[in-house]
Amino acid sequence: MKEGCTFYFIRHGQTYFNHYRKIQGWSNTPLTPQGREDVRSSARGLADVEFDAAYTSDLSRTIETANIILEENKKGKEMTLQSMPEFREVFFGSFEGSNVDETWEKVNEQMGYPSVAEMWAETSIPEQMNAFKKADPYHDAEDFLTFWLRVEQGLIKLINKHRDTGEKVMIVAHGNTIRYLLNNLVPELENPQPLLNASVSAVRYQNGKYHLELYNGVGHFKTLED
């Protein structure tokens, strides 16, 4: 059996737009003090993981998060961080910076369900993304195919580089990017819940298949008192 490789997908820490409940895709806001503290706690719990490579999206919140993780990691000083625009968050078009709840109400108007909760329960991620694009007055928001082709290109690059090496690969990215990616790759991951800031989701790629080892993990967080 081939060695495969393991991808550790880590969501960035809380940003100011997260804190204010604003839509944040390609928009950039820095981590909050709480966000940096959570990332530091996550990083302490990952300190003994011997990563062989580290990647981020090209947005500042993932780069800031990754640098904190590498500061705490025992092997971090040996690593070079590589940014990849393919792993950006979904682009939300003219809804960027808008209130989260109000925006999803507009998307639900497009889909015609009695409530946003019912829409989420009854529709797939691709259907929601396509409705998001239609609801955007400028239609600039990414639909599912546009998003998927972008992220898939990044993933293929990493698989071609790390497959069958047995390596552990860190990818610091975004809540929707990681969730939508894994939803499409891992058969047993049905209707995955939104990811917590600084959480870890681990997937092993072996013999052409993806095997989920951890989703939305925060149990490894360590404070200075731990």
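Residue indices begin at 1 and follow the sequence shown.
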Quiz item: Under the 3.5 angstrom rule, does the side chain of Arg44 hit a backbone N or O of Lys222 as a donor-acceptor pair?
Solution: yes
Quiz item: Which atom names give the shortest non-hydrogen contact between Leu59 and Gly25, and what distance separates them?
Solution: CD1-O, 3.5 Å
Quiz prompt | Ring geometry between Tyr20 and Tyr16 (parallel below 30°, tilted from 30 to 60°, perpendicular above 60°) | solution = tilted
Quiz item: Can you check whether Pro192's main-chain N or O pairs, donor with acceptor, with Arg179's side chain at less than 3.5 Å?
Solution: yes
Quiz prompt | Distance (rounded to the nearest 0.5 Å) between Lys106 NZ and Glu102 CD | solution = 7.0 Å
Quiz prompt | Sidechain-backbone polar pair: Gln128 side chain, Thr123 backbone, donor-acceptor under 3.5 Å | solution = yes
Exercise. Indicate the ring-plane relationship of Tyr210 and Tyr205, choosing parallel, tilted or perpendicular according to the 30° and 60° boundaries.
Key: tilted
Quiz prompt | Pairwise side-chain contact, Arg88 with Thr177, heavy-atom cut-off 4.5 Å (strictly under) | solution = no
Quiz prompt | Shortest non-hydrogen contact from Asn73 toward Val49 | solution = ND2-O, 3.0 Å
Practice problem: With the side chain counted from C-beta on, respond yes when Phe87 and Thr56 share a heavy-atom pair under 4.5 Å apart, and no when they do not. | Solution: no
Exercise. Identify the residue among Tyr180, Trp120, Phe147 that makes a side chain to side chain contact (heavy atoms under 4.5 Å, CB included) with Ile125.
Key: Tyr180
Quiz item: Do we see a donor-acceptor contact under 3.5 Å between the side chains of Gln24 and Thr15?
Solution: yes
Quiz item: Can you check whether Glu64 reaches His12 side chain to side chain, under 4.5 Å on heavy atoms?
Solution: no
Practice problem: Kindly say whether Phe144 contributes a backbone atom to a donor-acceptor pair with the side chain of Asn130 at under 3.5 angstrom? | Solution: yes
Quiz item: Is it the case that one hydrophobic cluster holds both Leu195 and Val151, taking links as side-chain heavy atoms less than 4.5 Å apart, direct or via other members?
Solution: yes
Exercise. Answer yes when Glu50 and Lys168 have at least one side-chain N-carboxylate O distance shorter than 4.0 Å, and no when they do not.
Key: no
Practice problem: Verify whether one side chain among Asp38 and Ser41 offers a donor that lies under 3.5 Å from an acceptor in the other. | Solution: no
Self-check item: Residues that Tyr215 engages under ring pair (Phe, Tyr, Trp, His ring centres under 6.0 Å), provided they are two or more places apart
Solution: none
Exercise. With the side chain counted from C-beta on, respond yes when Ile68 and Arg36 share a heavy-atom pair under 4.5 Å apart, and no when they do not.
Key: yes
Exercise. Taking the side chain as every heavy atom from C-beta outward, state whether Leu185 and Leu155 have any pair of such atoms under 4.5 Å apart.
Key: yes
Self-check item: Close aromatic pair by centroid cut-off 6.0 Å: Phe132 and Trp104
Solution: yes
Practice problem: Would you name the heavy atoms of Ser83 and Ile63 that are closest together and state the gap between them? | Solution: OG-CD1, 3.6 Å
Practice problem: Determine yes or no for a side-chain-to-main-chain donor-acceptor pair under 3.5 angstrom, with Asn176 supplying the side chain and Val90 the backbone. | Solution: no
Quiz item: Would you say the side-chain atoms of Arg11 pair up with the backbone N or O of Ser199, donor to acceptor, closer than 3.5 Å?
Solution: no
Exercise. Over all heavy atoms of both residues, which pair between Met79 and Lys75 is shortest? Give the atoms and the distance, please.
Key: CG-O, 3.4 Å
Quiz prompt | Shortest non-hydrogen contact from Ala131 toward Val107 | solution = CB-CG1, 4.0 Å
Exercise. Compare all side-chain heavy atoms of Val169 with those of Tyr55 and state whether any distance is below 4.5 angstrom.
Key: yes
Quiz item: Is there a donor-acceptor contact under 3.5 Å linking the side chains of Ser57 and Thr62?
Solution: yes
Quiz item: Any side-chain heavy atom of Ser201 within less than 4.5 Å of one from Leu214?
Solution: no
Quiz item: With a 4.5 Å heavy-atom cut-off, do Ile10 and Leu46 have their side chains touching?
Solution: yes
Quiz item: Where do Glu142 and Lys133 land on the salt bridge (charged side-chain N to carboxylate O under 4.0 Å, His left out) test, with the steps shown first?
Solution: CA-CA 6 Å; Glu142 282 186 309; Lys133 183 178 181 69; over 6 Å; no
Exercise. Without swapping roles, check the side chain of Thr103 against the backbone of Asn99 for a donor-acceptor pair under 3.5 Å.
Key: yes
Quiz item: So, does Asp136 use its side chain to make a donor-acceptor pair with the main chain of Phe95 at under 3.5 Å?
Solution: no
Quiz item: Does the pair Asn67 and Glu71 meet the rule for a side chain to side chain donor-acceptor pair (under 3.5 Å), with working shown?
Solution: CA-CA 6 Å; Asn67 280 324; Glu71 283 174 14; over 6 Å; no
Practice problem: Return yes if some donor-acceptor pair links the side-chain N/O of Glu72 with the main-chain N/O of Ile69 below 3.5 Å, else return no. | Solution: no
Quiz item: Are Arg204 and Thr6 linked by a side-chain donor-acceptor pair shorter than 3.5 Å?
Solution: yes
Quiz item: So, Ser42 side chain and Ala198 main chain: donor-acceptor pair closer than 3.5 Å or not?
Solution: yes
